There are 2 protein chains.
Amino acid sequence: MKKISSRFSMAVHILSLIALSPSSSTSDVIAGSVQTNPVIIRRIIGQLKKAGLVGVRAGVGGTYLLKELDEITLLDLYKAVEVVEDDELFNFHDHPNPKCPVGANIESVFRTKMLQAQSAMEQELAQVTLDQLVSELTEKMAHK
Amino acid sequence: MKKISSRFSMAVHILSLIALSPSSSTSDVIAGSVQTNPVIIRRIIGQLKKAGLVGVRAGVGGTYLLKELDEITLLDLYKAVEVVEDDELFNFHDHPNPKCPVGANIESVFRTKMLQAQSAMEQELAQVTLDQLVSELTEKMAHK
DNA sequence: TTTCTTATAACCAATATGGTTACAACAAGT
DNA sequence: ACTTGTTGTAACCATATTGGTTATAAGAAA
C-alpha cells in the first residue's frame, strides 16, 4: 500500500453531506458531489450501516444518521470502512528464521513499537468528532 | 492498501542484523535470517544506501552503517523504504465536485486532520532509535 | 403498475507487492 | 590473468487491492 484507501475520505465526505442536507441523501445525489459512481457510494454506505452509524430507507431512498454528530469520530469511520486489515496498519514479513536469534525475536519487538505508533495515530482520529469537522466545514463554506 | 509494506519490517530486521554482526552482512546471509530472496534484501539495502544510512562494499560484499545506532530512528527507515507515496499516508478521492459547497471544501478540512494524525504516528517512530530497539532485542535474545 | 431507489453480483483495468531468474560489473585472492 | 563471491539491475510473474462499471433483483411509495 502506498496510501490508505480513499474509501475513508469518501466516507467523511458522504457523512458530511448527510449531516448538512439529510433531505438529499440518495446515492445518486451524493455521487454527484463526490464525483464517482453511485455504486461506490452505496458500498461505502453499506459499510457504515454495518457499523451501526447510519440507516438506509430501502425502496424510498436516502440515508440517515443513527448517532448524534458529536458521538461519531473519525476513528469510527476509519474502522467502519476497513481500510486496514486485522486492525494492524504495519505488515510484518512472514516467517523470519527462528534459528537466528534476531529472526526469532525481531517480530515481537517490532510489533510492540508499531502498535504504539498506530495507536498514536488512531487517538488523533478519535479526538475529532463529525460535529467538529462539519463545523469547520461550514465555517470554510461561509468564508467564501 | 490494507497494510504498510513489509519492506519496512524487513529494513528493521536487516539493520538489526548489521548492527549485531557486521562481519556477516552479505545479502545472502541476511536473506537467510529474513527468509526471503537475496534480491529483495539488496533492493532494500539499495534504498537504505540512497538514504545515506549504510554503505556497501562493492565486489567484496557486506554492508556497514554510516551513522551511529543512536542517530538512526525508525522514522528514518520508514522514510527510506518509501512505503508511503508523497509522504501522505491518507489518500483523498480526486476531484470532488467544486460546485457543491461540501465538495469544494472537504479536501482542505480532511487533509488538515489527516496530517495531524499522520504526524502523531511519525513522531512515535522518530522517538525510537535503532540503539534502543537493538537493546530490547538483545535483552529478549538473552532472556531465552 | 410504474418509478425511483437500494443491494449485490460479476466483471475490468491499473497498480503494488513480494518473489524469481539472469546477467553484467566489481574487487579480492591465487 | 583468472577464478570466486558479491552487488546492482533488469525483466518477468502471480497475487491482491483499488476504484470503477454494467446489470439485475427487490423494496416502497405514488
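All chains are named by letter (A, B, ...) in the order of the sequence lines, taking the proteins before the strands, and each is independently numbered beginning at 1. For clarity, every value in this text was computed on a predicted model and none was experimentally measured. Heavy atoms only: backbone and side chains are in, while hydrogens, waters and symmetry mates are out.
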Residue whose nearest DNA chain D nucleotide is more 5′ - B:Val56 or B:Asp94: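 Of the two residues, B:Val56 wins.
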
First of B:His95 and B:Ser27 reached from the 5' end of DNA chain D, by closest nucleotide: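 Whichever sits nearer the 5' end wins; that is B:Ser27.
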
For [N], does either OP1 or OP2 sit under 4.0 Å from a side-chain N or O belonging to [X]?
{"X": "A:Ser6", "N": "D:dG19", "result": "yes"}
{"X": "A:Arg7", "N": "D:dT18", "result": "yes"}
{"X": "A:Lys49", "N": "C:dA7", "result": "yes"}
{"X": "B:Ser5", "N": "C:dA16", "result": "no"}

Sugar-phosphate only, base, or nothing, as touched by B:Gly59 at under 4.0 Å among non-hydrogen atoms: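 Since a base atom lies under 4.0 Å of B:Gly59, the category is base.
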
Touch class at under 4.0 angstrom, heavy-atom based, for A:Gly46 against every strand present: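 No contact.
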
Results of side-chain contact (heavy atoms from CB on, under 4.5 Å) for B:Glu122 - residues two or more places apart only: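 Residues passing side-chain contact (heavy atoms from CB on, under 4.5 Å) with B:Glu122: B:Leu75, B:Tyr78, B:Lys79, B:Gln118.
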
Length of the [atom1]-[atom2] vector between [X] and [N], whole Å:
{"X": "A:Arg57", "N": "D:dA29", "atom1": "CZ", "atom2": "C1'", "result": "13 Å"}
{"X": "B:Leu48", "N": "D:dG8", "atom1": "CG", "atom2": "C1'", "result": "15 Å"}
{"X": "A:His93", "N": "C:dA16", "atom1": "NE2", "atom2": "P", "result": "23 Å"}
{"X": "A:Asn91", "N": "D:dT15", "atom1": "CG", "atom2": "P", "result": "18 Å"}
{"X": "A:Phe8", "N": "D:dT17", "atom1": "CZ", "atom2": "C1'", "result": "19 Å"}
{"X": "A:Asp28", "N": "D:dG20", "atom1": "CG", "atom2": "C1'", "result": "15 Å"}
{"X": "A:Ile44", "N": "D:dT17", "atom1": "CD1", "atom2": "P", "result": "17 Å"}
{"X": "B:Glu82", "N": "C:dA16", "atom1": "CD", "atom2": "P", "result": "12 Å"}

Under 3.5 Å: donor-acceptor pair, side chain of A:Ser6, backbone of A:Ser9: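 No; judged by distance alone, with no hydrogens or angles, the pair does not exist.
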
Donor-acceptor pair, side chain of B:Arg7 and main chain of B:Glu82, under 3.5 angstrom: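 Yes.
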
Identified side-chain contact (heavy atoms from CB on, under 4.5 Å) partner of A:Leu74 from the options A:Leu15, A:Thr129, A:Leu125: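 Looking at A:Leu15, A:Thr129, A:Leu125, the match for A:Leu74 under the side-chain contact (heavy atoms from CB on, under 4.5 Å) is A:Leu125.
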
B:Glu107 bridged to A:Lys140 by N-O distance under 4.0 Å: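 Salt bridge absent between B:Glu107 and A:Lys140.
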
Sub-4.0 Å heavy-atom contacts from residues 35-43 of chain B onto DNA chain D, ordered by number: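 Close to the strand are B:Val39, B:Arg42, B:Arg43.
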
Sole candidate of A:Gln132, A:Glu136, A:Glu124 that passes side-chain hydrogen bond (donor to acceptor under 3.5 Å, both in side chains) when paired with B:Lys113: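 Exactly one candidate clears the test, A:Glu136.
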
Ring pair (Phe, Tyr, Trp, His ring centres under 6.0 Å) between B:Phe8 and A:Phe110, intermediate numbers included: CA-CA 10 Å; B:Phe8 180 39; A:Phe110 181 80; 5.6 Å; yes

